[in-house]
Amino acid sequence: MRKDGSAKLNKLKNILIKLITVLYGVICVPITFGLLFYVGIITITNLFETNILLTIGFSMFSIAAIISLWLFAFKKIKMWVQLIIFIIVAIYFYGSLQFPVVQKGIDVNMCMDMGVCAEGIKFSDGIMTEEYCEENNYIWNDEKKYCDMRSKD
C-alpha cells in the first residue's frame with residue numbers, strides 16, 4: 001500500500017516538474033525574442049556612430065544573458081553558477097546605466113517608436129533641443145529634458 005502512495009507522489013512530482021519546465025519555456029520564449037530585438041536595435045543604432053568595440057561587447061553580453069536564461073530551464077547547474085548567471089542577467093537589464101551608449105540607443109528607439117525624443121538626438125535637419133522642439137510646435141518637458149512629438153501645442 002505504501003508503494004502505491006509513493007508511486008503516485010513521484011508521478012505527481014514528475015508532472016509538476018514538467019509543468020514548471022513548460023511554463024518557464026513559455027515565459028523564456030517571449031523574453032528571448034524581446035532581448036534579441038533589443039540587442040538588434042542597440043547594435044543597429046550605435047554600430048556606425050559610436051565606439052564599435054563597446055557596441056560589439058554589449059551585443060556579446062546580451063547573447064550571454066539570453067543563453068543564461070535558457071540554461072536555467074533545461075540544465076541542472078550548481079548554485080554558484082546560478083548566482084553568476086543571475087548577476088550577468090541583472091547587469092544586462094541595468095546595462096543602460098552602465099553603458100551610456102546603450103541609453104542613447106534606447107532613446108533613439110523610443111523616439112522612433114513613440115515620438116518621445118530625448119535632448120541631443122540627431123535628426124536630418126538638426127539636433128533635438130528645447131528650441132528645435134518649440135520651433136516645430138511640439139511640447140517640451142523641461143524637467144525631464146525631452147520633446148513630446150506626438151502632440152502639437
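On a predicted model such as this, the values are computed, not experimentally measured, just so you know.
- In terms of the side chain to side chain contact (heavy atoms under 4.5 Å, CB included) criterion, residue partners of Asp142 (sequence neighbours excluded) are, by chain and number, Glu130, Trp140, Lys145.
- Annotation: side chain to side chain contact (heavy atoms under 4.5 Å, CB included) contacts of Asp125 (sequence neighbours excluded): Phe123, Tyr132.
- We find the CG-CG distance between Leu16 and Leu9 to be 10.5 Å, quoted to the nearest 0.5 Å.
- The SG atoms of Cys111 and Cys117 are placed within less than 2.5 angstrom of each other.
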Residues Glu119, Lys144; criterion side chain to side chain contact (heavy atoms under 4.5 Å, CB included); working and verdict: CA-CA 9 Å; Glu119 186 174 35; Lys144 295 183 180 177; over 6 Å; no
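- Nearest heavy atoms, Met114 versus Arg150: O-CD, 2.8 Å.
- Here CG of Asn14 is found 12.5 Å from CG of Leu19. Values are rounded to the nearest 0.5 Å.
- In this structure Lys11 satisfies the side chain to side chain contact (heavy atoms under 4.5 Å, CB included) test together with Ile15, sequence neighbours excluded.
- Smallest separation of non-hydrogen atoms from Cys133 and Met128: CB-SD, 4.0 Å.
- Asn136 contributes no side-chain N or O that, together with a main-chain N or O of Tyr138, makes up a donor-acceptor pair within less than 3.5 Å.
- Distance NZ/Lys18 to NZ/Lys13: 13.0 Å, rounded to 0.5 Å.
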